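Take a look at the structure set out below.
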Amino acid sequence: MNQTKTRIGVVGCGYWGPNHIRNFLSLGRNGADMVVAADRDPARRQRISELYPMVRVETDASLVFQDPSIDAVVIATPVETHYPLAKQALSLGKHVLVEKPLVTDPDQAEELIYLAETGGRVLMVGHTFEYTAAVNRIKEIIASGELGEILYIRSLRVNLGLFQTDINVLWDLAPHDVSILLYVLQMAPTAVMAVGNANINRTIEDVASITIEFDSDVMANIIVSWLDPRKVREMTIVGSKKMLVYDDTSANEKLRIFDKGVDGPKDYESFGEFPYSYRYGDIVTPFLQEHEPLREECAHFLGCIKTGETPRSGGKAGLDVARVLSAAEASLRAGGQRVELAPIPAIPAQLSWPLRGNGQVDTEDAIAILRAAGA
Ligand SMILES: NC(=O)c1ccc[n+]([C@@H]2O[C@H](COP(=O)([O-])OP(=O)(O)OC[C@H]3O[C@@H](n4cnc5c(N)ncnc54)[C@H](O)[C@@H]3O)[C@@H](O)[C@H]2O)c1
């Protein structure tokens, strides 16, 4: 066994898991040793054995977690299994990369963060878009002030399919939009409203509209749908100086910056006097050095394991997305009612679970941890 390599297991070899296997195999020189894959479905195991004969296949996640020679695991199974599987893997001392969304219950996210922190293990979420060249460029552009003050954002993620049977469209597609927004804006969401419709399977929403309010009066609207004739992945960010359009389906013009805007009245007393002045300027397409985002994500996971660095899309990012989407789900169930998001607790997330979570509270432990952290 090569001690310098991180021995990886991938759990779940359905649609997405094999992409992790392919990327970790290609990262052999970066320190990955892609050792084992597991799936309960014999046809999927067979496919992996045919594609990657060098990878051992197992029939269940627990067999990977119980293998002491495995350092790190990817969990690419259905969403409702993320929490129990990640908990088991962390408890057995593995570094864990969980596919998005980390969990659907923020308390579960806090517990996983706590387990990772106290066990000294990396917990990372597969927020793939945070590893794209386009999203990182957007983050830089916003931070540079080029767009001016951010006013509002509209995000459209629609297509025909893929209909899911275990989660609604909100939990399937919107984790992407919410993780992108939280990453590029670096603002705290304060309230969420959502409505949705279950058109095809009457128990699972296939169309949803989510409005998120952020501090600084920024509003974002996200529309996600499995029931749309065209594949659209488009985010528009409107700033006081310029506007940016991010079209993820475009091959070579993913980002366009429009030097457009309108200057409205500042201190006019009567509405009739409003002199709006519109600005129409150049449209600029920034050059992007493209790469496969999942490869970048897998390499980052390896790097964090090696250096102890906190991942870009760590457990905290997964918690933040779960907070927004569980508020959206609550709003949707209440016919679109506004659901306020409590401010992020002053206690760091990784410390708060033993105090606030719904698991078994060990008060002694919690107090000792808080004291040690000076909280
Ligand atoms: N980051 C992205 O862009 C992206 C894209 C697609 C899917 N995903 C995420 O990846 C995850 C998987 O999605 P998918 O579309 O591949 O699902 P899928 O249903 O195609 O595959 C899941 C697989 O997990 C297996 N499985 C379930 N429990 C298991 C266990 N205990 N042990 C071993 N195998 C088990 C199932 O047999 C199945 O083959 C989901 O969380 C999804 O949200 C992420």
Side-chain angles (χ1 to χ4, degrees), residues 8-24 36-49 51 55-67 70 73-89 91-92 94 96-105 108-109 112 123-132 134-135 157 159 161-180 183 204 224 226 231 233 248-249 291-301 311-313 317-318 321-322 325:
I8 311 271
V10 171
V11 167
C13 305
Y15 163 65
W16 194 243
N19 292 324
H20 282 279
I21 298 175
R22 175 173 54 76
N23 275 292
F24 279 116
V36 58
D39 203 293
R40 286 184 166 166
D41 181 334
R44 290 182 159 169
R45 291 199 299 275
Q46 167 84 16
R47 188 165 148 254
I48 297 302
S49 293
L51 283 171
V55 174
R56 191 176 97 225
V57 287
E58 294 286 4
T59 53
D60 192 73
S62 55
L63 298 170
V64 176
F65 302 158
Q66 283 157 13
D67 179 343
I70 298 299
V73 296
V74 175
I75 297 176
T77 52
V79 174
E80 80 275 10
T81 66
H82 288 183
Y83 165 70
L85 292 181
K87 185 174 173 174
Q88 193 190 0
S91 306
L92 288 166
K94 310 300 178 198
V96 180
L97 166 52
V98 187
E99 259 313 326
K100 62 81 199 165
L102 174 61
V103 286
T104 53
D105 175 348
Q108 293 177 345
L112 295 179
L123 172 63
M124 183 165 145
V125 193
H127 290 167
T128 320
F129 283 92
E130 293 181 33
Y131 299 88
T132 61
V135 167
R157 188 173 300 275
N159 200 13
L162 298 166
F163 280 76
Q164 307 289 321
T165 50
D166 54 339
I167 45 167
N168 64 15
V169 70
L170 192 147
W171 286 103
D172 180 39
L173 296 183
H176 291 310
D177 306 272
V178 174
S179 66
I180 294 171
Y183 180 61
I204 298 181
V224 281
W226 297 324
K231 177 169 178 166
R233 265 80 178 118
D248 193 55
T249 61
H291 50 254
E292 184 176 352
L294 188 60
R295 184 183 157 89
E296 191 91 353
E297 180 187 306
C298 292
H300 184 61
F301 182 50
R312 182 183 305 175
S313 56
V321 169
L325 288 179

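Since we're looking at a predicted model, the values are computed, not measured. Atoms within each ligand, like the ligands themselves, are counted from 1 in listed order.
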Among S179, A76, P175, whose heavy atom sits nearest atom 22 (C) of ligand 1? A76

Do any nitrogen or oxygen atoms of T77 lie less than 3.5 angstrom from nitrogen or oxygen atoms of ligand 1? yes

Of all the non-hydrogen atoms in the protein, which one sits nearest to atom 32 (N) of ligand 1, and at what distance? A61 N, 3.0 Å

Report the part of D39 in contact with ligand 1, treating N, CA, C, O as backbone and CB onward as side chain, heavy atoms under 4.0 Å; options are side chain, backbone, both, neither. both

Proximity to ligand 1 by part of H127, non-hydrogen separation under 4.0 Å: neither

T104 side chain reached by W171 side chain, heavy atoms, under 4.5 Å: yes

Can you list the ligand 1 atoms lying under 4.0 Å from a non-hydrogen atom of G126? 1 (N)

Polar atom proximity, P78 to ligand 1 (N or O, under 3.5 Å): no

For ligand 1, which atoms, with element, lie under 4.0 Å from some heavy atom of H176? 2 (C), 3 (O)

I'd like to know whether ligand 1 has E58 as a neighbour, heavy-atom separation below 4.0 Å. no

Nearest heavy-atom neighbours spanning K94 and V64: CE-O, 4.2 Å

Who pairs with R44 by salt bridge (charged side-chain N to carboxylate O under 4.0 Å, His left out), at least two apart in sequence or on another chain? none

If you scan protein heavy atoms around atom 10 (O) of ligand 1, the nearest is E99 CG, 3.3 Å

Do the side chains of E130 and K100 get close enough for a salt bridge, i.e. N-O under 4.0 angstrom? no

If you scan protein heavy atoms around atom 16 (O) of ligand 1, the nearest is W16 N, 2.8 Å

Would you check whether R44 has a nitrogen or oxygen atom less than 3.5 angstrom from a nitrogen or oxygen atom of ligand 1? yes

Only heavy atoms of G14, strictly under 4.0 Å: list the atoms of ligand 1 that pass. 16 (O), 20 (O), 21 (O), 23 (C), 39 (O)

Taken in chain and number order and not counting sequence neighbours, the residues that satisfy salt bridge (charged side-chain N to carboxylate O under 4.0 Å, His left out) with R40 are D60

Tell me, do I48 and D39 make a side-chain contact under 4.5 Å, heavy atoms counted? no

Looking at side-chain heavy atoms only, is the closest gap between E297 and H20 below 4.5 Å? yes

In this structure, atom 24 (O) of ligand 1 is nearest to the protein heavy atom G12 CA, 3.5 Å

List ligand 1 atoms under 4.0 Å from D60, heavy atoms only on the residue side. 30 (C), 31 (N), 32 (N)

What's the shortest heavy-atom distance between V74 and F24, and which atoms? CG2-CE1, 3.6 Å

Starting from atom 1 (N) of ligand 1, find the nearest protein heavy-atom neighbour and note its residue, name and distance. T128 OG1, 2.7 Å

Could you tell me if the side chain of W16 sits less than 4.5 Å from the side chain of T128, heavy atoms only? yes

Report the nearest protein non-hydrogen atom to atom 17 (O) of ligand 1: residue, atom name, distance rounded to 0.1 Å. Y15 N, 4.5 Å

With a 4.5 Å cut-off on side-chain heavy atoms, are E80 and I167 touching? no

Kindly say whether Y131 contributes a backbone atom to a donor-acceptor pair with the side chain of H291 at under 3.5 angstrom? yes

Dump the intermediate steps for side-chain contact (heavy atoms from CB on, under 4.5 Å) on E99 and I75, then the final yes or no. CA-CA 6 Å; E99 259 313 326; I75 297 176; over 6 Å; no

With a heavy-atom distance limit of 4.0 Å, tell me whether R40 approaches ligand 1 through its side chain, its backbone, both, or neither. both

Which residue and atom name correspond to the protein heavy atom nearest atom 42 (C) of ligand 1, and how close is it? K100 O, 3.7 Å

